[in-house]
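Below is one structure, written out as structure tokens, with a few remarks after it.
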Amino acid sequence: MNPKKPRDKRELCYPFIFETQFQCDYEIATDELCCQVGAVLSHLVADDDTRPVLADLAALQRLIYNLNGSVRGRLGIFEEDLDWLKGRYDHYNEASRGRVTGFVLPQGPQPIPTLHLCRCGSKKVVRLLVRLEESGVRFDPILYRFANLLANFFFVLTVYLKQAWDVTEVPYVSINY
């Protein structure tokens, strides 16, 4: 029997799992990002500061899965999605304006560390898009724009929540640059 084509579908976690191209890696990375957003949602309690965050993250989960299928399937990210995310970024950025002026350590109470993992996961998605393009796979450049914006959105959301919860940002001063 070929383990890559099991007769029992319970022994296959994903139809494309044995591909050697980057599409599968990209899809797994976007799936992981969506799961991380779910973890953030599980830590947030609805109050005046977090209700809009809960709604935004719930909307983002769907958009991240649209991002997931936008390389192998039909494009699922559109200018209006980008505009919406820019608006939400601007909202949280304005609400916490001036709080962070340099590098800060990625720490704080949950779900702050998980949001930082979402930020890093978004960067991984961008890097996989780079690899996909490098390997000859064509996709709409809006995917780059959306994934980069996602990383920035997750950072500004950490700043907003830490401000709302009166959690001190811990600056980081690099000795390297």
Side-chain angles (χ1 to χ4, degrees), residues 26 29-71 75-130 133 139-177:
Y26 167 81
T30 52
D31 185 31
E32 181 180 18
L33 179 58
C34 195
C35 292
Q36 292 281 11
V37 172
V40 172
L41 285 166
S42 75
H43 286 283
L44 288 172
V45 176
D47 63 27
D48 290 341
D49 293 319
T50 60
R51 269 189 202 85
V53 174
L54 287 162
D56 291 342
L57 292 175
L60 264 183
Q61 278 196 301
R62 287 172 177 76
L63 290 173
I64 291 167
Y65 272 157
N66 291 350
L67 181 67
N68 174 295
S70 289
V71 170
L75 181 64
I77 297 295
F78 307 100
E79 283 296 330
E80 55 265 23
D81 300 321
L82 201 62
D83 291 342
W84 173 80
L85 188 53
K86 285 179 182 178
R88 300 317 298 153
Y89 172 93
D90 291 344
H91 167 77
Y92 295 114
N93 192 47
E94 186 57 38
S96 58
R97 181 162 306 285
R99 181 166 167 84
V100 172
T101 57
F103 287 102
V104 293
L105 292 176
Q107 57 181 252
Q110 280 293 1
I112 301 302
T114 307
L115 280 167
H116 280 293
L117 289 173
C118 291
R119 177 181 55 81
C120 291
S122 299
K123 291 178 183 179
K124 289 178 184 178
V125 167
V126 173
R127 292 297 302 154
L128 282 166
L129 286 169
V130 170
E133 186 175 50
F139 51 85
D140 194 295
I142 198 170
L143 302 184
Y144 278 130
R145 296 167 61 207
F146 190 80
N148 273 286
L149 180 57
L150 266 178
N152 294 331
F153 172 80
F154 288 126
F155 177 76
V156 79
L157 198 53
T158 68
V159 176
Y160 169 81
L161 288 173
K162 286 172 84 173
Q163 176 178 281
W165 297 336
D166 199 28
V167 175
T168 303
E169 294 285 2
V170 178
Y172 170 75
V173 178
S174 174
I175 63 170
N176 309 105
Y177 303 102

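Note that this is a predicted model, so its numbers are computed, not measured.
Nearest heavy-atom pair across Ser122 and Ala147 is CB-O, 3.7 Å. Pro113 and Pro109 get closest at one heavy-atom pair: CD-O, 3.3 Å.
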> Yes or no on side chain to side chain contact (heavy atoms under 4.5 Å, CB included) for Asp49 and Tyr160, after CA distance, side-chain angles and deciding distance?
Replying inline: CA-CA 9 Å; Asp49 293 319; Tyr160 169 81; 4.1 Å; yes
> Does the side chain to side chain contact (heavy atoms under 4.5 Å, CB included) test come out yes or no for Tyr92 and Val53, once each step is laid out?
Replying inline: CA-CA 9 Å; Tyr92 295 114; Val53 174; 3.6 Å; yes
>> Is there a side chain to side chain contact (heavy atoms under 4.5 Å, CB included) between Leu150 and Leu67? Walk through the geometry before answering.
In response: CA-CA 11 Å; Leu150 266 178; Leu67 181 67; 4.2 Å; yes
> Are Leu60 and Phe154 close enough, and set up right, to give a side chain to side chain contact (heavy atoms under 4.5 Å, CB included), and what steps lead you there?
Replying inline: CA-CA 11 Å; Leu60 264 183; Phe154 288 126; 4.1 Å; yes
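Separating the CD1 atom in Ile112 from the CG atom in Leu161 is a distance of 4.5 Å, to the nearest 0.5 Å. Atom CG of Asn152 and atom NZ of Lys123 lie 8.5 Å apart (nearest 0.5 Å). Going from atom CD1 of Ile77 over to atom CG of Leu63 covers 5.0 Å, rounded to the nearest 0.5 Å. For the atom pair CG (Leu44) and CG (Leu54), the distance works out to 5.0 Å, reported to the nearest 0.5 Å. The structure places CG of Asp140 at 5.0 Å from CG of Leu75, a figure rounded to the nearest 0.5 Å. Expressed to the nearest 0.5 Å, how far CG of Leu57 lies from CG of Leu115 amounts to 6.5 Å.
Listed by chain and number, the residues in a side chain to side chain donor-acceptor pair (under 3.5 Å) with Lys124 amount to none (sequence neighbours excluded). The side chain to side chain contact (heavy atoms under 4.5 Å, CB included) search around Pro171 returns none, not counting sequence neighbours. Under the rule for a side chain to side chain donor-acceptor pair (under 3.5 Å), the partners of Arg145 that lie at least two apart in sequence or sit in another chain are Glu79. Val104 is linked by a side chain to side chain contact (heavy atoms under 4.5 Å, CB included) to Val100, Phe155, Glu169, counting only residues two or more places apart in sequence or in another chain. With sequence neighbours left out, the side chain to side chain contact (heavy atoms under 4.5 Å, CB included) criterion links Tyr177 to Ser174. With sequence neighbours left out, Arg51 forms a side chain to side chain donor-acceptor pair (under 3.5 Å) with Asp48. Legend: residues meeting side chain to side chain donor-acceptor pair (under 3.5 Å) with Ser70, ordered by chain and number and at least two apart, are absent. For Gln163, the side chain to side chain contact (heavy atoms under 4.5 Å, CB included) partners are Ser96, Arg99, not counting sequence neighbours.
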Return all side-chain donor-acceptor pairs below 3.5 angstrom for residues 83-90, not counting sequence neighbours, or 'none' if the list is empty.
unit_1	atom_1	unit_2	atom_2	d
Arg88	NE	Asp56	OD1	3.2
Arg88	NE	Asp56	OD2	2.8
Arg88	NH2	Asp56	OD2	3.1

Table please: side-chain donor-acceptor pairs of residues 30-40 below 3.5 Å, with sequence neighbours left out.
unit_1	atom_1	unit_2	atom_2	d
Thr30	OG1	Tyr26	O	3.1
Thr30	OG1	Glu27	O	3.0
Thr30	OG1	Asn68	ND2	2.7
Asp31	OD1	Tyr65	OH	2.5

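Relative orientation of the Tyr172 and Phe103 rings is perpendicular, given thresholds of 30° and 60° on the angle between their planes.
A 6.0 Å sphere centred on CG of Asp166 holds no more than 12 heavy atoms belonging to other residues, nucleotides or ligands.
Side-chain contact check for Thr50 versus Val45: every heavy-atom pair is 4.5 Å or farther apart.
Within the structure, side-chain hydrogen bond (donor to acceptor under 3.5 Å, both in side chains) contacts touching residues 111-121 (residues at least two apart or in different chains) are Gln110-Thr114, His116-Arg119.
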